[in-house]
Asks: 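The structure follows.
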There are 2 protein chains.
Amino acid sequence: MNKKKQQTEQTKKKIADAARALFAQKGYKATSIEDIVKATGCSAGNIYYHFKNKEGLFLYLLEEWNTEWDKTWLDKETLYPTTIDKLYGMAEHLALDQLNHPLTKAADEFFNNSEKAPDVEERIHEMVQGYLDFNRQLLQRGIDNHEFETTNVTGLAIILDSLMLGLNQHSRRMEREEALEAYRLAMDVFLHGIAKSTRTR
Amino acid sequence: MNKKKQQTEQTKKKIADAARALFAQKGYKATSIEDIVKATGCSAGNIYYHFKNKEGLFLYLLEEWNTEWDKTWLDKETLYPTTIDKLYGMAEHLALDQLNHPLTKAADEFFNNSEKAPDVEERIHEMVQGYLDFNRQLLQRGIDNHEFETTNVTGLAIILDSLMLGLNQHSRRMEREEALEAYRLAMDVFLHGIAKSTRTR
DNA sequence: TATAACACTGAACTTTTATTCAGTATTATA
DNA sequence: TATAATACTGAATAAAAGTTCAGTGTTATA
């Protein structure tokens, strides 16, 4: 391989890794370019050589995180036979992901920060739609399998995402087991809430 | 009344009103003291005469908002006979509150921003606990009335808050009716999820 | 080997913003 | 009326932080 491309790849990864750790630890706004300079040992100019700007760097990390999540989920998904199992599995997956990659806090800060360029706003909107689509498809499959019945799939997809979004915030103040239990309970309530008939797990 | 106290009260209100509107519109970080100076016509020094600092000003608005919420809720609560009705009422109340006072967005930003003084962090933690206690008490009353049964009241209080927290974020992209419908559906799912038996509304 | 493309430096620039404080005007107090 | 307390001004401070760019060394290309 080209030595230059190799170098670029390596540097880009070094910056991304350091930035990810810092954003997770300190938050988006509180992490300065200077912090990343210190952590990587490379210059400020170099960071701007590889990434458009701070927003671009963070967005890059988010996209990377999404594709990583999708990949690991695809591996796990096949292990769950029914949609109900899949939903419990997803809740657990989300809980653990949140515990292992606390980038979510910075992501929330970033999503809720109003000083964003229009194209970034657009990209975020697409991401949210992606999450909702994911939920919608999962629920639809459950309906097709007659695991539960509901007319308002879109509405429920939002409910489900809301639940995960809110839990995500609360779970930051929890221990591992406590968080997992909360996610499980949430899924109990949700599934029982949309169940065809009374169900005990 | 003392003319000085009257003056102080008036000025403090003027600043609070302007700040509330600006925070709601632009977000916490994006609203500068300079913005408030322009909006009120009084000097920067005057703002710092009446409030400890920017954090203190925002915290003041949050406290004011909470007490206001409690007050209007107490008025409404008596109208609902059962706990289930109360929960639907609360969901509606939250939906409308969110639509009328979009300070929630700035509040999220503030809550998720890591650059907070320790005492502010503490105060926020107390607020969150207050919300959870509120939910817990409401649910407990429902159990006492045999409207639903559950062992894990604390867990469900968190689930309920998570749901409202997440919906709050989603409802920002919704119209009034759409938001109300989403909150109602969420409560359907939640209540059905913790119901004693299968229920149709 | 000469030239171009690339990876990188790091200091300087620019802008923004929270906060302070010496001083002024107004009102209460004795 | 004299003094103290209070309400307020607004310019100065001070620090932070994102971004740029002229220039340097390194690698690819012809």
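Atoms considered below: every heavy atom in the structure, side chains included; atoms not considered: hydrogens, waters and symmetry mates. In the text below, chain A, chain B and the rest are named by the order of the sequence lines, each starting its count at 1.
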Asks: Between T11(B) and dC8(D), does any side-chain N or O lie under 4.0 Å from OP1 or OP2?
Replies: yes
Asks: I need the NZ-C1' distance between K29(B) and dA16(D), as an integer number of Å.
Replies: 10 Å
Asks: Just to verify, what does E181(A) make a salt bridge (charged side-chain N to carboxylate O under 4.0 Å, His left out) with, not counting sequence neighbours?
Replies: R184(A)
Asks: Pull out every protein N or O sitting under 3.5 Å from an N or O of nucleotides 12-16 of chain C, one pair per line with the distance.
Replies:
none

Asks: dT6(D) base to K4(B) side chain: any donor-acceptor pair below 3.5 Å?
Replies: yes
Asks: Which salt bridge (charged side-chain N to carboxylate O under 4.0 Å, His left out) pairs, counting each pair once, include a residue from residues 36-63 of chain B, with sequence neighbours left out?
Replies: E63(B)-R123(B)
Asks: Does the distance from a Lys or Arg side-chain N to an Asp or Glu carboxylate O, for K71(B) and D75(B), drop under 4.0 Å?
Replies: no
Asks: Could you tell me whether K12(B) and E64(B) have a side-chain N and a carboxylate O separated by less than 4.0 Å?
Replies: no
Asks: Does a side-chain N or O from N2(B) land closer than 4.0 Å to OP1 or OP2 of dT27(C), or not?
Replies: no
Asks: Using 4.0 Å as the upper bound for N to carboxylate O, is an ion pair formed by D108(A) and K105(A)?
Replies: no
Asks: With sequence neighbours left out, write down each residue that passes side-chain contact (heavy atoms from CB on, under 4.5 Å) with Q140(B), or none if nothing qualifies.
Replies: I143(B), D144(B), V153(B)
Asks: Can you check the D35(A) CG to dA17(D) C1' distance for me, whole Å?
Replies: 10 Å
Asks: Go through T67(B) and D70(B) one step at a time and tell me if the side chain to side chain donor-acceptor pair (under 3.5 Å) criterion holds.
Replies: CA-CA 5 Å; T67(B) 56; D70(B) 286 346; over 6 Å; no
Asks: Going by heavy atoms closer than 4.0 Å, what residues in residues 40-56 of chain A are next to DNA chain C?
Replies: C42(A), S43(A), G45(A), N46(A), Y49(A), H50(A)
Asks: Can you list the residues that meet the ring-ring contact (aromatic ring centres under 6.0 Å, His included) rule with F51(B), with sequence neighbours excluded?
Replies: Y60(B)
Asks: Is the phosphate of dT27(D), meaning OP1 or OP2, less than 4.0 Å from a side-chain N or O of Q6(A)?
Replies: no
